[in-house]
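One structure is given here, and the rest of the page talks about it.
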Amino acid sequence: MMASSYNAKEEDGQLSGAAGSGGVGAGKSKKPDNTAFKQQRLPAWQPILTAGTVLPAFFVIGLIFIPIGIGLFVTSNNIKEFEIDYTGIDPASPCYNCSQTLTWNSTKPCVCKIPFTLEQSFESDVFMYYGLSNFYQNHRRYVKSRDDSQLNGDASSLTSPSKECEPYRTSDNKPIAPCGAIANSLFNDTLTLYYINPNGTESLVPLQKKGIAWWTDKNVKFRNPGGNNFNLTAVFQGTSKPVNWQKPVYELDTDPENNGFINEDFIVWMRTAALPTFRKLYRLIEKKNNMIPTLQRGNYTLDITYTHFPIQCSDYPVRRFDGRKRMILSTISWMGGKNPFLGIAYITVGSVCFFLGVVLLIIHQKYGNRNNSAEIPN
Amino acid sequence: MAPEFGESGEVKSYKLKKRRKKQSKKDIKTRTVHSNLLYSCAKGDENPNRHYAHNNIKTTKYTLLSFLPKNLFEQFHRFANVYFVFIALLNFVPIVNAFQPELALAPVVFILSVTALKDLWEDYRRHRSDKEINHMDCLVYCRNERKFLEKYWKEIQVGDFIRLRCNEIIPADVLLLSSSDPDGLCHIETATLDGETNLKQRQVVRSFSELDCVFDPTQYKAVIECEKPNNDLNRFRGYMIQRSGRRDGLHKENLLLRGCTIRNTEEAVGIVIYAGHETKAMLNNNGPRYKRSKLERQMNVHVFWCVIILVVMCLFAAIGHGLWVWQYGEHRPLFDVPSPEGPALSPALSAVYLFLTMIIIFQVYFIHQDLDLYDEETDSHLQCRALNITEDLGQMQYIFSDKTGTLTENKMVFRRCTVMGEEYSHDANARRLATYQEADSEEEECTSKAGTLPRRDSVTSHQSVKVMHRSQSTKSHRRTGSRAEAKRASILSKHTAFSSPMEKDITPDPKLFDKVNECASQLYLMRSQGQPMNHLASELSDVIDFFIALTICNTVVVSSPNQPRHKVRVRLELKSPVKTIEDFIRRFTPSRLTGSNSSSSSSLVTNRSTHKTCSSLLSSPSAESTLMGLEEELGPAPRREAGPASPPGGDGELRYEAESPDEAALVYAARAYNCALVGRLPEQVTVELPHLGKLTFELLHTLGFDATRKRMSVVVRHPLTGEIVVYTKGADSAIMDLTRHGSTDENRGKHQRKILNKTQNYLNLYAADGLRTLCIAKRVLSKEEYACWLKSHLEAESAIQSREQLLFESALRLEKNLHLLGATGIEDRLQDGVPEAIAALRKAGLQVWVLTGDKQETAINIAYSCKLLDHEEEIITLNAETPEACAVLLDESIHYIQSKFVNNTLNPAAEDFEVDFTPFQIPSSSSVHRLGLVIDGRTLAYALDKRLEDKFLAVARSCRSVLCCRSTPLQKSMVVKLVRNKLKVMTLAIGDGANDVSMIQIADVGVGISGQEGMQAVMASDFAVPRFQYLEKLLLVHGHWCYSRLANMILYFFYKNAMFVAILFWFQFYCGFSGSAMMDQWYLIFFNLMFSSFPQLVTGILDRDVSSETLLALPELYRNGQDSEEYKPHMFWMNMIDAFYQSLVCFFIPYFAYADSDVDLFTWGTPVTTLALFTILMHLGIETKTWTWLNWASIVFSLALFFTVALCYNASCPTCYPPSNPYWTMQRLMGDPMFYLLCALTPVVALLPRYLHRVFQGTLFPTQVQQGRQLDELPSLKRSNILRQRSTTVDSPFGPRPSFHLFPEPFPMDYGYRATESHSRQLREASRDCNQPGNGSAAQGDGQDREREASTSRSDPPGESQEEDPFPIPKSHRASDANTLPYSEALRAAVDSESSFCEDGYRLDPIGDSESSFCEDGFRLDPIGDLNLLNWITSAALFNQPGSAVQAESLQSMLQTAEKEDGSPSPTSTRPHSDLEVVQNQQLVNPVSSEVKAAVPDCLQEGALETTLL
């Protein structure tokens, strides 16, 4: 295959060129540059991993991690959290009836009241969450089943939603708005909180609807079609509501700033949870007065108003997949909600590193020196 | 005629195949070639040659059209590529798509296109070189212009007439029709084809050789029938049908092969028979094997495993998903989207190959850039031609090397000689060679400053003076010539075959020079006084005879450089000078017995008259053309004669052209003594002698060299004495047996014997030094003897049957009773640093085999001088005539090896050293012994037979060195193939000529030497280096680096991908096995390609685990790669486990941190990605051994890139990128302290086990490489000290040895052994037995201290050691690369005295001597009785041994002293300290030598004392 004859010409040229320049013509020479890079002599740090050299790292890690861990742990412990399960599996539970499909009265929304007591008062802002478990919002098909441009107010997407929304793309030959499985499964229990005054009267705890979604979601990602046209009924003309919904999307709220696609409950729901057990922010309870705690110690009632779920003829149907529904009241800190894990992890890792540091120190004392002297005879 | 040849299946070019098919349809079994001139247009339909291949060659793989499909097809050979494409295509199936299909295709397309571009570039290079070759010029006869015109090679067609001039390369296979040589000869150099650099003669087709006029193509009407194109270089058959119907046989002697070079012939004309791809040279080039590196093969397996793991994961996910769906039964949960579901777990396995390719490309770049691999002489550096096997360089186990041009420079240099038993060491000459380089480079500086071209012709005497002058200043001693020298040589080689200034300028030995002068002047005196010449003192006459023999006993042709050589066109009536008895009588009439200067010219004149006219062989000779031819013939004739008859100018302008370079070397040597060959004619030789002027010897016969006789002779008539003298030159074994033993004169006979013995001793010494030895002898014939011989000789010549045999016998009859004149030692100059390179490669655990086409003797000599064979090594020589004999020999050898070495390897002493030797010791592999195997081509052919190959391998692999002589290119490749396939080892073949091409292609790695013998080897090679010595660095440093880098990188790739995929896998447990990914698909796809790739590239390219200095100083580190220690299957699995662990950490820490929170899928997935990135980068950090700023920069860049891309991407579009739609995710995360806390914690947890493992392993069980790294860390001074100690330790015979078989310091014990190799089974058990316990006891002390002592005593600068070092002999012997043989005047005296003393039969085993002080028995007389006395009185050996014994002994006692002195000796070799040691040494000499005295016979002791006290 290879050429059979040798290339006299080339060689000739080289030689005469070289001879002519007599070695002075370095420009022509193929001699590589004597640079550190090309000769692979770049100055380099060559760490050698032996007990002696890595000792400090372990101690440093240990000494840094343990305080951080303690800090985190303390912070997490200071967070107050109250959780109440209202799935109603237990027949004794007040919500048992509402959760049973058979007893469901379709004419009137079912309401269940769950009393509870807060042992401690919640001093700072309180976040009210609803929590679902065993709910796979991260399912591949589920996650995909949405049309972001529709949600962003795109007129053409409104009328012809993305194929990803199948099979929740159209109903009755009308495009669904908002389309897709995520929107279709919008959480629709309504939670209200009453404080039972010591005198026995109930007072509604003011729950703030707004400010629970990301600012960017509310203002950038989600937009109602038709721009500033507040007549959402007209805007959504020609679309159909998601099959599971009772009301169309433009009736989610009365406040035009919180209606349609920019309804914050809707936006929060559309941000699909990472794990099957999750919570979603439902309401805020803002601290009004520096003197009074946001939620005092005492008795409360949680009112759950179930909305009819047309297809399934039930409440928000978590029981068929062994799901749970929870209401969570929590304060938050700089590091988010209550989660002692990180603190413990930091403390553990820090301690392990410290311990390993000690072990390495011993090894270093015992073997490190011997080794060096053995290899490198003085 | 030869039906099967053409179809032998060796056809590699597909183009050719096509053509073949076309032809085979016609089913023509022979090829018929007509002259193209007979047809008006070469392409005309009637031209019968039109079907034959053109001379246009095309070696490219692709055409524009076929590139895409072919290249893709080739790329899909890589398993992973197919896999990726499959996955990417899967994405187009909507059900299972994981990504947007286009996005998924992007990486695959990228990878494929990068590789395709690389292939395209390579192919383009091939195309360019083809083009260059195709556009070389050649003279082709043009029908219309009626003369030869320049044409391109590619335009040549079969049937064209081409004219070739001297030093031109032959463009096609040409049938020689005419030559400017009077004898119709044409010399060609076939080095590019078979590697033999001697000139070969080609003969004009018989019927044309009888023509005397200039060949006229238009008159050519014959038709040539020959066999079809085939690849057999040594075979050509055909016949030429003349117009007259006469048939002339054609054979290979008539064919000039493409690629050869015309030499020594001014002009030749021929007709093209085969062109282009059908030439034998092209057919001999097998297509390159598709080479895949071992690492890649290993990796492919693991890619396969990875895919299996993936598939298992996918299956698991699929089943999981099924179960998950099933658990909900009929009720579909809210989040379940009712649509068909596929189990596509999006596999993010990466572009492993792409990265490997990129890393390799950069590695190649760095290898290119290495200054150490740059050769100034040829201004070339290493070329990597194959881009996928660099890592193999680090895993080589066997090296197969060519000899000529690879190990040697193929420059023969006269080094020394002995005349009449007296040695002339030519010290000045040796120094000249040593300092050649300096003088040259300086000279070149001068010339270049002056702005002139290097002087070509007048460098001769001038320079030697300069060199002499220079040699007084002791500067660096480099062995070979410099750039200037090589350049000049190569320029000159355009004109003459073999002559470089180094070979030409011999500095005469002053003593000998005086003798020659004296002798010549006496002769002159005698001649002027008219005394008979044969009464000269025999010694003096021998001296002059010696030089005459050197001058005339050869086939050297004289030419002058400025004009191209013109041989005198003399046609003698008789080819052999003396053909008949009548002729003899006629010519030996007394009147002609007085030879004189005039005789030559007169004979010429007479001869010229015998010009023949053109014979009428041409089918229709026109009178005109004949006349024209005659005129042409006569016109320039006088000028031509002027050449040799009156040599132009001074000696400097004479140029000798020899068939083999050593002949030329001898002639040049003689010229240095003013015995210059000034002219050679078929019948006479003119020699110029000092004082005597030109003498013309009548050349009666030349009995050419042949391999069986191993000698050549000339029969001349001496012009001074009138005697008929036979001068014979040949191998020492051949001549020594033929010398006259019994002489009538008792005194004289004794003297003669003594000379013989002395000469033999010197010959042994020469051989030990790797010189080619030749003996020169003469015999004076009386007229009667001559007449008698002549008669039989003529009968033999005229015999029809068994002529060869008769001639052989006739030669035998002549070459007997020779009178030995002397011997010469010619150095076949090794290339720079070859012995060192071989030694280093050996230490690195590489087996070096030399496969050469050269003669056995030459090969063995070279093997000795390049330290391939060791003088203390036993040599098994396999020379068998029949397959049966070969089988028997092999069996015997196996048996012998087993019986000999099985018990030795169990030697407990040997094992003791292994225990207490430090980790750098060479692991003893019991299968390799101190044995050398020499096998010749024929035996090799038998041994390579299926039935015997296993036995052959068994023998060969237990030998330390293997030498295959006289092997054909095919055999070379077969050997390589055999070893590669049977032993499953990595093989490297290195060679420089076309004869090495097949070997280069078949080996795992083929290395070509560029710029020596043409380009073919380079074209076929994977790597091209300018010199053999660069192989050392290429393998030990670059190979090691490439291997360790790539191995680490591959492991890292696997780890990285496994870890990344595993994270996704864990997530499946939390997403209902739905194949969902929490990472954005862009991150998934570009994670590998962009975010994590740069640091990895930088590390893969720049990382060096051990510095090059350390690697070179400790070749043992190379074993790391040989044993595949960086990449072993268990490492792959460990890495996988680690990857899984790390992915678990990276998954579950965020999982728990965000458990039951309101985090959304991608806000959670992004930190996971980030964590994975951090972990992966930090993992790389652990694996990175050297951190340059580039590493830091790349890591910072990677992270910055990731965050920048993430931020930009997350800010770019609020509605795009479904399904993740990560708008503002990163921005939010960056404001979340949790994110940073995770980033700090996770990598630490993830990498803790690996880090710990590395730390523990590095602390407790450091590998060799790690220790090498620790050496690197030391301050440079300390390190170099340690390294020096190491290297000397390994060399030192006194250092502890792992086992006997690695024992590099040669005891020069066995010089005579070489002479008896053929029956070299007689082995030296006794000496060895003694040897080993000796070492054992030596090693039992504190080895390190001894090493130190040895090294300090050794590291004394030579200047001081000359006065102080009491052990000059071992030292100088150690300086094996020095040019002087290690004997001083005193030594010579010692030799003389010793040999005369010992003649009476003291036989001592040298080993016994040297080691007996360690052996408890004390001195031991040689227990082996059957060894030749002559071989044993190897004076130098005897002489050396006591010296080394003394050294050893004194070292030992010195050691004790040192131990007493201070317990913790420091490694410094500062002056005062070593001075002290030297003093100690001197003090120690006395007791030691008295010990010696006690045991050694007197003669020995004297020698010993003499040296020790020198």
Side-chain angles (χ1 to χ4, degrees), chain A residues 1-8 15 18-19 22-24 29-32 34 38-40 42 44-46 48-51 54 136-145 148-149 152 181 185 216 220-221 271-272 274-277 279-281 320-321 335-337 341-342 349 367 375 377-378, chain B residues 12 59 129 133 169 192 258-259 281-282 285 287 328 331 333-335 337 339 366 369 371 374 379 448 487 490 1014-1015 1019-1020 1070-1072 1074-1076 1152-1153 1156-1161 1164 1186-1188 1214-1215 1218-1219 1221 1223-1224 1233-1234 1237 1241 1245 1254-1255 1258-1260 1267 1269 1344 1467:
Chain A
M1 281 291 276
M2 292 297 170
S4 77
S5 62
Y6 96 78
N7 209 327
L15 287 167
V24 181
S29 165
K30 284 195 225 151
K31 183 169 183 166
N34 190 3
K38 288 190 176 177
Q39 299 307 315
Q40 306 193 52
L42 282 176
W45 171 55
Q46 302 192 326
I48 292 181
L49 299 180
T50 57
V54 300
Y136 286 83
Q137 249 201 334
N138 55 16
H139 191 280
R140 194 166 72 96
R141 297 290 308 170
Y142 184 84
V143 170
K144 278 175 154 187
S145 185
D148 280 309
S149 29
N152 197 36
S185 58
T216 50
V220 184
K221 251 176 108 169
R271 198 159 265 285
T272 53
L275 298 165
T277 300
R279 59 175 74 171
K280 283 191 182 290
L281 192 54
R320 57 178 49 200
F321 51 87
M335 53 161 284
F341 170 77
L342 262 189
V349 173
Y367 300 98
E375 288 144 31
N378 301 326
Chain B
K12 292 305 168 206
T59 58
S129 94
I133 287 166
I169 300 159
T192 50
R258 179 182 172 126
M282 294 298 279
N285 271 319
Y328 298 117
H331 316 285
L334 266 184
F335 43 80
V337 183
S339 74
F366 279 116
Q369 292 298 330
L371 259 185
Y374 170 75
D379 189 32
S448 60
K487 222 180 266 167
S490 45
M1015 299 296 288
M1019 298 288 284
Y1070 298 93
C1071 71
S1074 61
S1076 179
F1152 285 116
D1156 190 25
S1157 71
D1158 59 345
V1159 72
D1160 74 280
L1161 183 58
W1164 180 73
T1186 43
W1187 289 79
T1188 63
T1215 59
N1221 194 353
Y1223 190 68
W1224 225 247
M1234 275 280 272
L1237 287 171
L1241 177 71
V1245 180
R1254 290 261 178 248
V1255 168
T1259 314
L1260 302 177
Q1267 287 170 2
R1269 297 186 59 206
Q1344 280 167 8

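Only heavy atoms go into these numbers, but all of them, side chains included; no hydrogens, no water, no symmetry mates. So you know, we letter chains A, B, ... as the sequences are listed, proteins then strands, and number each from 1.
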Return the minimal non-hydrogen interatomic distance between [X] and [Y], and the atom names on each side.
X	Y	result
A:K221	B:P1214	CG-O, 3.3 Å
B:A1153	A:L342	CB-CG, 4.1 Å
B:M1234	A:M335	CG-O, 3.3 Å

Roughly how far, to the nearest 0.5 Å, is the [atom2] atom of [Y] from the [atom1] atom of [X]?
X	Y	atom1	atom2	value
B:N1221	A:R271	CG	CZ	8.0 Å
A:N138	B:W1164	CG	CH2	8.5 Å
A:I48	B:T1259	CD1	OG1	10.5 Å

Q. For A:K280, is it the side chain, the backbone, both or neither that has a heavy atom under 4.5 Å from a heavy atom of chain B?
A. backbone
Q) Top residue by heavy-atom pair count (under 4.5 Å) with chain B, among A:V349, A:T277, A:L275? A) A:L275
Q. Looking at A:L281, A:N152, A:T272, which has the largest count of heavy-atom pairs under 4.5 Å with chain B?
A. A:T272
Q) Heavy-atom distance under 4.5 Å to chain A: side chain of B:T1186, backbone, both or neither? A)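 Backbone plus side chain of B:T1186, per the 4.5 Å heavy-atom cut-off to chain A.
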Q: Name the option with the most non-hydrogen atom pairs under 4.5 Å to chain A; the candidates are B:D1156, B:D1158, B:V1255.
A: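 The option with the most such pairs is B:D1156.
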Q. Can you check whether B:W1224 reaches A:V220 side chain to side chain, under 4.5 Å on heavy atoms?
A. no
